[in-house]
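Before any comments, here is the structure.
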Number of protein chains: 2
Amino acid sequence: MFMDNYHDRRVRKSKIALKNALISLLQQKNLQQITVTKIVQAADVNRGTFYKHYQYKEELLEEMVDDVILDLIDSYREPLKEGEKISIDNLNVSAIKIFDHVEKHADFYTIIAKSNALVGLQSRICMQLTDLMKEVVEQTREIKGIELNLLASYQAYAIWGLIREWIDQDFKYSATYMSNQLLTILHFTRYS
Amino acid sequence: MFMDNYHDRRVRKSKIALKNALISLLQQKNLQQITVTKIVQAADVNRGTFYKHYQYKEELLEEMVDDVILDLIDSYREPLKEGEKISIDNLNVSAIKIFDHVEKHADFYTIIAKSNALVGLQSRICMQLTDLMKEVVEQTREIKGIELNLLASYQAYAIWGLIREWIDQDFKYSATYMSNQLLTILHFTRYS
DNA sequence: AAACAAATGTTGATTAACAAACATTTGTTT
DNA sequence: AAACAAATGTTTGTTAATCAACATTTGTTT
């Protein structure tokens, strides 16, 4: 009668429980030290439920990353909705939304930032950020002698730098403050 | 294979979701204004699941109250475990644990304290508190001319007074501070 | 009072999650 | 190297939770 697993509440809830459990465990130890048994215990879910959806714990982590990246994309694109005029300014407006996104997933970002084993995920985030910025930049007319792809990459990694520092300081600043910092920095290094 | 509903994770989780949803809704409107539909929506649970366990929303609320009262009893009895010497001092040690309990269920207590329709539940809490104190008092030898049942009731309602004020001030004090307040008050009105 | 929408309660088919038992693998201790 | 515990996958029967459709009741608007 209903064969669409992803919209089944039970599936959704089980997966969320497993992901929350993994996040929580990753705050204490690294992935190899974590067992499937520990995950299902923390998630309060039967072992069989885990193996119904995933083969290894790595697969769970991967889906977790996918989720966050999808939310990153959502957060970034949200201010660009409804065919508004796209410009370099939009690029900055969107960048600001990213701080909200990072704060929302603070636990996740802290884990991947502070883990040596998970550096691969950092670069994946960076690449995604760059891609998003390039997307905006493609729809913009040239500005005096700047290679826009370079600009996109430049700014993506710059923002990642802000985020890294934010994380390393244990989120002691608010997302709004971080946005203001970005705007202030942009004001100094103006390219228009 | 397993026929014990109460230890089934699915049951436990569904009920918790429904209770949390009800608490959350009661913060906005009173019970009559809340529909079963709203509850199951907020709980992210199918309507059928609700009707599997409860007939009306009132039944859900009742079970919620039962849960809290059971936890109140647990909290109170915990320091009295393992046949420790029971005395009037224990009565105070236990009273302190109650503040932790109330803080843990802050949302619940706020709702029943601030609702006119739910005054019946307040007196139920008070009675339970009195019963618990009487229980301790029964195992204690007399102290100079004090009717111990009166003492139990006196103190139970006194503590409820503290809790009421605590709630009315939106929990602006910590549980520890409340404990200290209680101890200080007891120090002034010493009966030994 | 008729039409309407919203909430209620019920039903049936489907399946994800469950407990519990199992054999297997891994890794440590004796 | 044998004994041991712990973690890993797998399996089976059972059922709570799910979706979706339905008839009914309630309450509001026209």
Side-chain angles (χ1 to χ4, degrees), chain A residues 1-64 66-67 111 115 117-118, chain B residues 1-64 66-67 111 115 117-118:
Chain A
M1 204 170 254
F2 54 94
M3 69 251 99
D4 190 346
N5 279 357
Y6 280 90
H7 296 140
D8 190 311
R9 278 171 168 143
R10 293 172 294 185
V11 175
R12 225 176 53 234
K13 291 174 189 174
S14 295
K15 287 189 168 190
I16 288 173
L18 287 167
K19 284 166 192 167
N20 287 340
L22 182 55
I23 286 241
S24 156
L25 291 171
L26 279 170
Q27 288 170 337
Q28 297 150 27
K29 27 183 161 270
N30 61 31
L31 195 59
Q32 325 167 255
Q33 296 171 309
I34 296 170
T35 66
V36 174
T37 302
K38 291 269 178 186
I39 295 173
V40 297
Q41 277 170 354
D44 193 24
V45 149
N46 188 273
R47 163 101 43 81
T49 302
F50 177 92
Y51 286 109
K52 181 146 212 168
H53 301 298
Y54 311 101
Q55 295 196 58
Y56 345 97
K57 54 195 175 187
E58 287 79 11
E59 213 170 307
L60 173 61
L61 177 62
E62 193 167 338
E63 194 174 277
M64 230 171 69
D66 291 343
D67 291 346
I111 286 163
S115 155
L118 272 45
Chain B
M1 205 172 250
F2 53 95
M3 70 250 100
D4 190 348
N5 279 359
Y6 280 91
H7 295 138
D8 190 311
R9 278 170 168 145
R10 292 172 295 185
V11 176
R12 222 176 57 234
K13 290 174 188 174
S14 294
K15 289 191 166 187
I16 288 173
L18 287 167
K19 285 166 193 168
N20 287 339
L22 182 54
I23 286 239
S24 156
L25 291 171
L26 279 170
Q27 288 170 338
Q28 298 149 27
K29 28 182 160 275
N30 61 31
L31 195 59
Q32 322 167 257
Q33 297 171 310
I34 296 169
T35 66
V36 174
T37 303
K38 292 270 178 187
I39 295 173
V40 298
Q41 277 170 356
D44 192 24
V45 149
N46 189 274
R47 163 103 44 80
T49 302
F50 177 93
Y51 286 110
K52 180 145 210 170
H53 300 298
Y54 312 101
Q55 296 196 56
Y56 345 98
K57 54 194 174 187
E58 288 78 11
E59 214 170 306
L60 173 62
L61 177 62
E62 192 167 338
E63 194 174 277
M64 229 172 71
D66 291 342
D67 290 346
I111 286 164
S115 156
L118 274 41

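In what follows, chains are A, B, ... by sequence order, proteins preceding strands, each numbered from 1.
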Evaluate the side-chain proximity of [Y] to [X]: yes if any heavy-atom separation is below 4.5 Å, no if none is.
X       : Y       : answer
A/Leu22 : A/Met64 : yes
B/Ile34 : B/Gln28 : no
A/Arg12 : A/His7  : no
A/Ile39 : A/Leu18 : yes

Give the rounded distance in Å between these two atoms: [atom1] of [X] and [atom2] of [N].
X       : N      : atom1 : atom2 : value
B/Tyr51 : D/dT24 : OH    : P     : 16 Å
B/Lys52 : C/dA17 : NZ    : C1'   : 13 Å
A/Leu18 : C/dC18 : CG    : P     : 9 Å
B/His7  : D/dA16 : NE2   : P     : 14 Å
B/Tyr56 : D/dT25 : OH    : C1'   : 16 Å
A/Ile39 : D/dG9  : CD1   : P     : 11 Å
B/Phe50 : C/dT8  : CZ    : C1'   : 11 Å
B/Leu25 : C/dA7  : CG    : P     : 13 Å

Q | Identity of whatever pairs with D/dT26 - Watson-Crick or G-U, under 3.5 angstrom | A | C/dA5
Q. Taking a pair as Watson-Crick or G-U wobble with both distances under 3.5 Å, which nucleotide is matched to C/dT14?
A. D/dA17
Q. Hey, does the side-chain of B/Asn46 have a donor or acceptor N/O within less than 3.5 Å of a partner on the base of D/dA17?
A. no
Q | Check: B/Arg10 side chain, C/dA17 base, donor-acceptor under 3.5 Å | A | yes
Report the nucleotide, chosen from [options], that has the shortest atom-to-atom distance to any side-chain atom of [X].
X       : options               : value
B/Thr49 : D/dA17, D/dC19, D/dG9 : D/dA17
B/Val36 : C/dT8, D/dG9, D/dT18  : C/dT8
B/Arg47 : C/dT8, D/dA16, D/dT18 : C/dT8

Q) DNA chain C: B/Thr37 or B/Gly48, which has the more 5' nearest nucleotide? A) B/Thr37
Q | Presence of A/His53 side-chain N/O under 4.0 Å of C/dA16 phosphate oxygens OP1/OP2 | A | no
Q. When you check the phosphate oxygens OP1 and OP2 of C/dA17, does a side-chain N or O of A/Ser14 lie under 4.0 Å from one of them?
A. yes
Q: Answer yes if the side chains of A/Glu62 and A/Tyr54 hold a donor-acceptor pair under 3.5 Å, and no otherwise.
A: no
Q: Return the 5'-most residue of the pair A/Lys13, A/Lys38 with respect to DNA chain D, ranking by each residue's nearest nucleotide.
A: A/Lys38
